[in-house]
Amino acid sequence: MKLRVLGLLLLFLMPKLVSSQDSLDTRDVYNYQIKRAKLPINIDGIIDNEWNSIESLSPFHNHSPEDTGYSELKTEVKITYDNQFIYFLGICYDNGKRVIQTLKRDNDGYFRSDHLTIAIDPIGNRQNGFMFGVNAGGAQIEGSLSLDGTRTENALVWNNKWYSKTKQYQDYWVVEVAVPFKTLRFNSKNKNWGIGFVRPDIQNNKLTTWTEFPRNFNPDDLNYMGSLIWNEEIPKNGRFFNLIPYATFSSIRDFEKSDGPETSNKFDIGVDGKIAINSALNLDLTLNPDFSNADVDEQVTNLTRFNIFLPERRNFFLENDDIFSNFGGWGIEPFFSRRIGLDNSQVIPIDYGARLTGNLSRKTRVGLMHIRTNGIDEINSQRFTVGTIHQQILDKSVIKAIAIDKTENDATNDSYSRNLGLEFAYVGKGGKLNNTFRIHTSHTDENLDNNLYYGFSGNFNTRRIRTGWTLDVVGENYITEVGINPRLENFNAETGEVVRIGFTKFNPFFRYLFYPENEKSIFNWHGIRTWHIIHWNTNLTFNETENNLAYDFRFKNTSFLTVDIRYRKLNLPLPTSFLGDFTPLPIANYNFTQYGLEYGTDNRKLFTSDFRASYGDFFNGNRLNLLANANVRFQPWGNFGVSYNYNNVRLLDNFGKREIHLLRFNGSISFSNNMFLSNVTQYNTQTNNFGIFTRFQWRYLPMSDLFVIYTDNYNTADNFRPRNKGLVVKMTYWF
């Protein structure tokens, strides 16, 4: 208890101790006054006369690995508007040697390609915004920006209509972008938008930005944007309603039915709707949604004592999700949308859903969600309601609250699970310090006590020092049926019971970076880091500790090297089995050390690879883990990769010996910027599954798609006996 009180006291005093933080406000220093276009703008990648009267925004500054001085590569940006669009022109000078790793929209290869990214904060509150980017090959990327502590996060799942065109020349390339005002959410009374631009120099492994700010912040950081100043009335959003109907035909053959293979043919229709309540508040509606075109889950190997949770991939839940999901901390999230409409990967049909998100005022942001699922087999129909509010105070700090209700319609009575949470996220003026204090409760129809979750977490970052801390206290009945809290639920391998065990967690971490002064150095930076995770039981008796030490090298040619050592000490609370049908490990004290080495090659090359090897003790035996990835790129149309994860676990006596293989093949072909073919083939001996997922996508109109998806799964433990096959054809249209 003394540790908790001391920790809280230190963190409350921390703002005063570091009040001398750099308070540079780039929005006061970097300004661009936007003017209305005098001639019509054609989005064709050609610098026509209509741009001659528009002032240039230049030069760009170095951001990484150096964060002082001007960029060696010249970048010019011009901005204008008319009644419907805001326009951007980017002229990116280079030596003609461009890296284009993808032509596909919203692809990871975008950030490893030469590109120009635009970041916008149209509300002007430094809390959230949008990003639009185009690489030299014409591939688009868009996303939403949100502030998590002092760190700006970009979620690349926000989708909307906008237009761009690129054209390549000998020593420069050009990009033109047109973003409809109706695509953005903004306060029409705010005449000072936040604006930022990011351009990498892939050949030299450098990153440049329009504004100059410390490299320990992301290049699209909301705190370090410039200002886009409107001297005239901002055009209204325009049309306030979008309709996106879909039609799907699916044919699924299930080979594991007790009475023999069964084929199900189904035709579905549904609709999504987007309604702009005002210029800053948006209502999303869905009726009978279908997520068959979502990316397939990447299988993983689980050698922990707890359940794992795969990331959300359904767009309805991902757009603006930060307003709901940005609560709790690492490993403890009161709200996790994947708990809606999915039960152990089984799809639960959603009847309808509605989400209201946006700003009530410049400093007040709200979110409200209501979803109803249909009953299936032994699962009853359920209703989910989530409400949040974020109130900005003290310049950049936020007070936020969340309420979650899950109600299950039982035949006899309604059971429920509810969570309430209140958090205060303090962010220092210079952005170096943040700390979030939180308290949450859970309530079920069982009226259980010991249902609190409280604590704090934060960071303090400078150019060289990156440090942070977390203290969480979790009661044994802090139940999150619409969230995740895996460590709370402990499985007894002898009795088959799941036992809830409360805990206190303390997680400090520290990193120090060295930046070579010699320009001929092969390093961009190198540095040491250490992190520690300590768990106590509710009565503060010891449960588990993990102490880690690593040294990282980042080379100028984009390759990297890491060496690490990890020591764990564990008081196992229940009999546990990791490897299947073996004698469970008994309740006892275990301690073990593991050593690791990781290396990755130059990611600018057409062929890239990386690997990690670790070996050491594992409970009463040992474990060897090998992880290797290789990728070949046919610029710019094709990417083909293979990854292999090998685990060899050898425990003493009858506690288990097993080799686990996870092999994955990824292939993607871009026929153009609007037509793609992708495949994921996975072989997992832990789940005894061999699976194929192939998806063809044709974006025949902006935001309107045709998908053809083929899936095929086999049981590898039964001579590759078929489990299921499926074919889905889906068409969407954006009105």
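None of the values given here were measured: they were computed from a predicted structure.
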Trainee: Under a 3.5 Å distance rule, please check whether N537 uses its side chain to pair with a backbone N or O of N539 as donor and acceptor.
Mentor: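 Side chain of N537 to backbone of N539: no pair is present.
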Trainee: Applying side chain to side chain donor-acceptor pair (under 3.5 Å), which residue pairs with at least one partner in residues 614-626 are found, sequence neighbours left out?
Mentor: R623-N647, N625-N645, N625-N647
Trainee: Where the side chain of Q392 meets the backbone of N125, is there a donor-acceptor pair that is under 3.5 Å apart?
Mentor: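 Yes; at least one donor-acceptor contact below 3.5 Å.
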Trainee: Identify whether NZ of Lys or CZ of Arg in R487 sits under 6.0 Å from the centre of the six-membered ring of F306 and within 45° of that ring's axis.
Mentor: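 Because its charged atom misses either the 6.0 Å distance or the 45° angle limit, R487 does not stack over F306.
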Trainee: Taking R658 for its side chain and L579 for its backbone only, find out whether a donor-acceptor pair lies under 3.5 Å.
Mentor: yes
Trainee: Output yes when a side-chain donor or acceptor of E312 lies under 3.5 Å from a complementary backbone atom of R314, and no otherwise.
Mentor: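 Yes: the side chain of E312 pairs with the backbone of R314.
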Trainee: Aromatic contact between F578 and F619, with the criterion being ring centroids under 6.0 Å apart: yes or no?
Mentor: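 Under 6.0 Å, so yes.
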Trainee: Centroid separation under 6.0 Å, is that true for the rings of H440 and Y454?
Mentor: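 Aromatic pair excluded; centres sit 6.0 Å or further apart.
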Trainee: Is there a donor-acceptor contact under 3.5 Å from the side chain of T716 to the main chain of F690?
Mentor: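 No; zero donor-acceptor contacts below 3.5 Å.
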Trainee: Would you say the side-chain atoms of N629 pair up with the backbone N or O of L627, donor to acceptor, closer than 3.5 Å?
Mentor: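 The answer is no, because no donor-acceptor pair under 3.5 Å joins these two groups.
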Trainee: Checking N689 against N713: is there a side-chain donor and acceptor pair closer than 3.5 Å?
Mentor: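 Looking only at side-chain atoms, N689 and N713 do form a donor-acceptor pair, the distance falling under 3.5 Å.
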Trainee: Is it true that the NZ or CZ of R418 lies under 6.0 Å from the centre of Y416's six-membered ring and within 45 degrees of the ring axis?
Mentor: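 Yes, cation above the ring, under 6.0 Å and within 45°.
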Trainee: Identify, with sequence neighbours excluded, every residue that meets side-chain contact (heavy atoms from CB on, under 4.5 Å) alongside L368.
Mentor: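 Partners of L368 by the side-chain contact (heavy atoms from CB on, under 4.5 Å) criterion, ordered by chain and then number, come out as L356.
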Trainee: Does D564 come within less than 4.0 Å of R566, counting only side-chain N to carboxylate O?
Mentor: yes
Trainee: Tell me whether T685 contacts the main-chain N or O of H661 through its side chain, where contact means a donor paired with an acceptor under 3.5 Å.
Mentor: yes
Trainee: Compute both the distance and the angle, then confirm whether K400 meets the cation-pi test with F327: under 6.0 Å from the six-membered ring centre, within 45 degrees of the axis.
Mentor: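 Yes, K400 sits over the ring of F327.
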Trainee: Hey, what's the ring geometry for Y478 with Y453, parallel, tilted or perpendicular (30° and 60° as the breaks)?
Mentor: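 Geometry flag for Y453 against Y478: tilted rings.
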Trainee: Any ion pair linking R126 and D221 (charged N to carboxylate O, less than 4.0 Å)?
Mentor: no
Trainee: Backbone N or O of I399 within a donor-acceptor pair of the E423 side chain at under 3.5 Å?
Mentor: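 Checked: no pair found.
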